[in-house]
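Below is one structure, written out as structure tokens, with a few remarks after it.
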Amino acid sequence: MLSESGSAGADVKIGITLTINGERRELQVAPWTTLLDLLRERLDLTGTKKGCDHGQCGACTVLVDGTRINSCLALAVMKDGAEITTVEGLAGLAHRQGANTLHPIQEAFVEHDAFQCGYCTPGQLCSSVGLMNEGHAKTRDEIREAMSGNLCRCGAYTNIVDAIEEVMHQGAAR
Amino acid sequence: MNRFDYVRADTVADAIKALGTDPSARFIAGGTNLVDLMKYNVEKPGRLIDITRLPLKNIEEHEGGLRIGALVSNADLAYDASIQSRYPLLASAILAGASAQLRNAASTGGNLNQRTRCYYFYDEGTPCNKREPGSGCPAIGGVNRIHAILGASGACIATNPSDMCVALAALEATVQVSGPEGNRAIAFADYHRLPGDDPAKDNTLKPGEIVVSVDLPATDYGPHHTYLKLRDRLSYAFALVSVAAALELDGQTIKTARLALGGVAHKPWRNQEAEALLQGKPATRESFKAAADLILREAKPQSENGFKIELARRAIVRGLEQAAAGTPQSQSDKRIQ
Amino acid sequence: MTKQISTGAGHDRFVGSALSRVDGPAKVTGLAKYAGEFSAENLAHGYVVSSTIAKGRITGIDTSAAEAVPGVLKVLTHQNRPSIAGEAKAYQDMVAPPGSPFRPLYDETVVFSGQPVALVVAEDFETARHAASLVNLTYEEETPHTDIAAQMSKSYDPPTKRGGIKPPPKPWGDAGGAFDGAAIKVKQRYRIAHEHHNPMEPQASTVVVEDDGTYTVYDKIQGVANTQLYLTNAFGLKPDQVRCLSPYMGGGFGNALRPQYQLFLAMLAAQDLNRSVRVVLTRDQMWTFTYRPGAIQTVSLGADAKGTLQAIRHDAVHGTSTFEDYQENVVNWAGTLYACDNVELTYRLAKLDTATPGDMRAPGAVTGLFALETAMDELAYATGIDPIQLRLANYTETDPVEDKPFGSKALKSCFAQGAQRFGWSKRNPEPRSMRDGKELVGWGMACGIWEALMMPSSARATLHADGRLEVGNSTADIGTGTYTILTQIAADALGLPLDHVTTKLGDTNLAEAPIAGGSWTAASSGTAVMKACRKVAEEVFKLARGMDGSPLANADFERVVFARGRIEVAGDSSRSVALTDVLKAAGKETIEETESASPDNDFKKKFEAYTHSAVFAEVKIDEELGIVRVTRIVSAIAAGKILNTKTARSQIMGAVVMGIGSALHEESVLDHRLGRFMNRNLGEYHVPAHADVHDIDVIFVEEEDRANPLGVKGVGEIGIVGTAAAIANAIHHATGKRMRELPITVDKILAA
């Protein structure tokens with residue numbers, strides 16, 4: 001069955017349901033609204049960053065059903081029914097898994113000084129959690145490769161890898 | 001980004017019906033290329049048909065090989081156990097491309113249909129025959145260090161950006177499509193096209209058709225394969241030149257060879273003449289050089305990309321050496337084997 | 001001369017330690033807000049339409065289709081914009097180079113590709129973006145000139161010098177004659193590409209119209225005072241009508257020193273519509289303003305057989321726009337870094353039809369030192385002398401340009417400790433002599449130098465009755481760690497635990513401070529904060545001494561320490577008073593002091609102040625395929641006192657990463673026929689990714705400096721200077737191929 005919606009040019013909104021950082025939300029969105037713009041412009045979840053808006057920097061990385069993607073290239077309407085975790089929800093994610101304050105990766109980023117300006121950081125953090133969920137990267141080379149979709153112009157790369165490695169070895173992923 | 005209708009399809013038939021004959025309608029799955037292009041106003045669809053709910057997400061046994069549903073994500077495909085064990089070349093090529101995030105979102109069908117890599121194509125402030133037929137090709141005589149050295153035309157010198165497709169070309173995959181006139185199979189070599197006088201068309205899909213699966217034939221290359229990608233930075237960059245190579249060896253003699261190049265043409269570049277040349281030859285550097293020379297005999301440089309011919313020559317030789325030695329290129333250890 | 005004093009009367013407990021960033025939690029939770037993330041009631045969104053031509057004039061603008069889109073509020077163009085300041089002078093910001101600044105939407109003239117030609121303002125971002133694609137422009141196009149090589153013949157000595165940038169010194173000796181007569185000669189041409197800063201956060205401004213008609217402006221800027229100055233001049237406003245804030249900045253590197261056109265357009269629209277407006281640039285619009293200008297340079301070195309320099313000549317030309325003479329110090333370094341009796345340095349500009357270039361991390365030094373330090377390596381090979389020994393043979397303890405000693409220069413320690421850590425002694429100098437499997441291994445080194453600057457700055461410190469201390473000023477923390485080091489300085493000055501100290505930055509309501517740039521923030525704002533805290537300490541001490549039965553009654557200020565939230569007599573902790581008790585007894589809610597700090601002119605008269613570095617690079621290069629991997633960098637830094645070893649190390653590491661980008665990746669490519677940068681995205685303009693960056697070892701050598709009371713020299717820029725040369729020299733060592741053009745891409749390696 002088709003679920004036809006709207007006509008070109010008209011400002012039509014489509015009803016969707018998203019669970020964002022554990023909270024279920026009924027939303028009306030235009031088909032051209034990206035998940036990133038929805039988060040930043042409509043829901044005041046500005047932790048997720050817009051660095052390039054074209055999938056070329058990774059600053060907008062969020063977890064959709066536990067998988068990391070570039071939210072700038074995802075139309076919100078297509079994620080109807082999905083569970084979204086943004087940087088604002090990482091601590092909550094840790095909380096639900098038994099930790100009480102920051103997610104271990106957030107702690108490790110602070111400890112290892114894995115950021116400077118902080119603008120790529122939410123994407124690096126979500127990407128790190130996604131990487132650990134995937135479970136493919138083990139060595140430093142593999143972490144570097146698997147994190148290469150997250151650019152950091154301040155050049156905190158080595159510290160980021162240190163932070164991820166530490167958390168991975170703690171087995172504190174997920 | 002323009003405004004458009006949004007339609008969600010639940011079955012392949014519905015999707016085809018929704019596409020109809022509307023030339024401005026587009027299917028959308030991962031969106032990693034289409035949304036990107038829409039933000040540059042390069043694609044301005046009147047209607048988007050969301051196909052992410054179609055039942056095309058399985059990898060199944062098929063005639064001794066595997067059938068990959070068009071909506072299997074690039075990541076799921078690369079990490080699938082049967083792909084990793086039976087088609088490691090494909091897994092490697094996929095992991096050489098894009099980023100983890102993009103591979104999580106991008107679909108198999110979408111990877112086949114991603115548009116070309118060219119600065120001018122992406123810039124609506126400049127002419128481009130692919131974007132606006134007849135407007136001209138400023139890449140010719142312009143900034144073309146990354147452009148095609150094989151199969152280009154006077155109308156377009158852009159390259160196909162896919163890594164996955166280079167492996168699929170080498171593996172002799174078949175693309176299964178469905179359309180208003182029913183189903184048909186397209187040999188991978190025939191799926192993408194050269195620009196010729198009509199660079200607006202990237203592939204041989206007919207209006208109204210949708211990719212439903214990609215079929216992989218049975219192969220037995222064992223460890224004798226590689227995907228070697230050379231680029232301007234060590235990850236998250238398009239290929240200057242890439243090589244997918246697979247060899248079946250009988251001792252030190254080549255029984256069959258499969259070889260495809262990425263980053264050099266408007267389509268994954270496979271030269272069966274070169275593969276035939278290798279057949280029955282010893283797996284030596286001399287044989288590999290001869291194959292490379294044959295492939296690049298037709299190469300034509302643009303004003304800035306002549307180096308790609310020599311780079312391709314060396315990459316082919318190295319790729320075949322890696323395949324022959326059974327030491328496929330790692331995609332995370334950047335030391336070239 | 002400044003007396004080396006401790007940071008207030010307390011102990012150095014936090015200063016010098018490896019404290020984690022105090023703004024870390026805000027940044028890792030997404031709570032830190034950047035300029036484009038502040039909201040306001042009824043906020044409208046602007047989207048910029050950029051010109052597709054580089055030079056000419058707009059002959060027509062059709063905005064009807066855009067205006068017809070529901071939700072569009074206005075399409076501003078030069079034809080319908082409100083009246084604005086006419087004089088170019090009114091657009092001159094604090095760091096504007098000589099010339100006539102670009103005035104957005106001023107008239108029909110187009111002077112660079114991507115120039116803003118319209119602003120679409122709409123109820124939401126997507127509507128503005130969509131409508132922007134419907135604005136139709138026609139142009140009369142002129143041929144642009146953007147090729148610096150083609151413009152070399154028309155290069156010129158800029159008639160008006162840029163403030164703060166020393167022009168080349170007068171030649172001394174006879175460089176030409178000495179070069180001709182030298183036993184060993186190196187004379188080569190070097191090129192670097194245009195580079196764009198590309199901080200992760202695109203330029204953004206949010207202009208909030210307040211109920212009382214004033215404006216609150218959140219701007220991506222490295223110093224809010226500059227935003228305020230620009231807006232008050234261009235829009236005829238008074239400073240008290242415009243409060244500017246920039247609490248966090250998503251990367252600067254010089255890109256946000258000057259207010260950019262999105263700020264102007266946001267204010268223009270806000271005034272026109274009497275509504276709050278946000279304008280954020282797209283990533284490709286990040287190629288429509290400042291950039292590090294590509295340069296063509298010639299370095300001539302003449303030496304005797306022992307490697308002693310007989311002649312240095314460094315000639316540089318780089319691009320600027322047609323309307324401003326952007327200048328940087330490219331060639332003077334050659335005169336300062338080495339002892340030589342015959343030196344001639346020249347510097348010229350070439351006009352290009354692009355936006356005005358601007359300062360990008362270690363502006364001029366990155367450019368000049370690539371050429372100079374590659375040439376020095378060439379001289380090392382020409383003379384057969386080890387590159388470190390060659391530099392030691394020409395070492396100078398005084399700055400030949402100014403004929404003054406350096407306040408401190410621990411470059412020799414950098415050589416020694418860097419070489420030791422790197423294992424330089426195991427290097428076989430013969431090119432192509434070291435390999436690892438299919439890879440050639442190369443080891444190269446280079447020097448870096450940057451000015452140790454201080455700018456006049458002020459800071460306010462407020463001690464509250466509950467024992468909390470708040471310090472701050474208007475400068476920005478652009479990711480360098482300013483919040484953290486100021487917190488450390490303040491905590492030490494008053495002997496308070498860190499969690500009692502709050503640092504506020506990036507707000508024109510705070511004490512005035514300079515723009516964050518030039519590596520001067522630690523010295524400038526750090527000293528000002530220290531002085532303000534010290535003043536508070538003196539005040540609170542006075543009150544403490546006057547308390548009834550004060551245990552400090554007979555103590556004098558020099559004999560007390562501030563620790564654990566108390567004032568104690570040194571060596572007798574039984575005689576102490578809690579700060580909170582002092583304020584309580586005095587009936588004071590706060591003690592607040594504002595102090596200014598300025599460079600020490602006595603010191604400046606006697607000494608020159610520079611930071612130095614020795615950078616060591618290891619590359620591995622596939623011999624057949626020419627693919628380069630930078631596998632190891634050791635950067636040994638002499639930068640005075642290091643206030644925070646964790647954040648300072650990150651500064652150097654990050655700068656090294658940018659240096660790797662400069663060496664191997666970064667190039668904004670122009671189509672000269674169109675006058676247009678073509679790779680305007682992060683997919684095609686390559687900055688290093690995770691996979692490109694391996695081990696980076698940072699060494700801070702001991703260096704005592706007295707230019708300012710903190711003994712700091714700044715670490716923001718020095719890490720990038722010389723890094724590209726070290727890598728290029730390592731590539732030569734690996735391959736025997738000399739790379740004189742950046743970035744060193746595979747095509748250049750194959751061609752050499």
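Below, read A as the first sequence line, B as the second, and so on, with proteins coming before strands; counting in each chain starts at 1. Every heavy atom of this structure was used, including side-chain atoms; hydrogens, water molecules and symmetry mates were not. Note that the structure is predicted; figures quoted are calculated from it, not measured.
Proximity of C:K438 to B:Q337: side-chain heavy atoms (C-beta onward) are nowhere separated by under 4.5 Å. Taking 4.5 Å as the limit, some side-chain heavy atom of C:L625 sits within range of a side-chain heavy atom of B:L228.
Using a distance-only test at 3.5 Å, with no hydrogens or angles considered, a donor-acceptor pair links the side chain of B:R314 to the main chain of C:E624. Between the side chain of B:R233 and the backbone N or O of C:V687 there is at least one donor-acceptor pair closer than 3.5 Å. Without hydrogens or angle criteria, C:D692 side chain to B:L234 main chain gives a donor-acceptor distance under 3.5 Å.
Each of B:I336, B:V241, B:N305 has some count of heavy-atom pairs under 4.5 Å with chain C, and the biggest count is that of B:I336.
Atom CG of B:L240 and atom CG of C:D747 lie 8.0 Å apart (nearest 0.5 Å).
Considering every non-hydrogen atom in both B:R3 and C:P70, the closest pair reads NH1-O, 4.5 Å. Residues C:H130 and B:N2 approach most closely at ND1-CA, 3.5 Å, considering heavy atoms.
Of the N and O atoms on the side chains of B:T126 and C:R673, not one donor lies less than 3.5 Å from an acceptor on the other residue. In summary, the side chains of B:Y119 and C:N681 do not present any donor paired with an acceptor at a separation below 3.5 Å, with no hydrogens or angles considered.
With a 4.5 angstrom heavy-atom cutoff, B:E124 does not touch chain C via any of its atoms. With a threshold of 4.5 angstrom between heavy atoms, C:L134 does not approach chain B through any atom at all. Residue B:N41 touches chain C through its side chain alone, counting heavy-atom pairs closer than 4.5 Å. Residue contact with chain C, scored on non-hydrogen atoms closer than 4.5 Å, involves the backbone and the side chain of B:R335 alike. Looking at C:V69, the atoms closer than 4.5 Å to chain B (heavy atoms on both sides) all sit in the side chain, from C-beta outward. When heavy atoms are compared at a cutoff of 4.5 Å, B:Y122 does not approach chain C at all. For chain B, the nearby part of C:L674 is the side chain; its heavy atoms alone come within less than 4.5 Å. C:I53 does not touch chain B: none of its heavy atoms, backbone or side chain, sits under 4.5 Å away. Of the atoms belonging to B:V317, it is side-chain heavy atoms, and not backbone ones, that fall under 4.5 Å from chain C.
Salt-bridge annotation for C:D622 and B:R318: present, with a side-chain N of the basic residue lying under 4.0 Å from a carboxylate O of the acidic one. Under a 4.0 Å N-O distance rule, the pair B:R117/C:E684 qualifies as a salt bridge.
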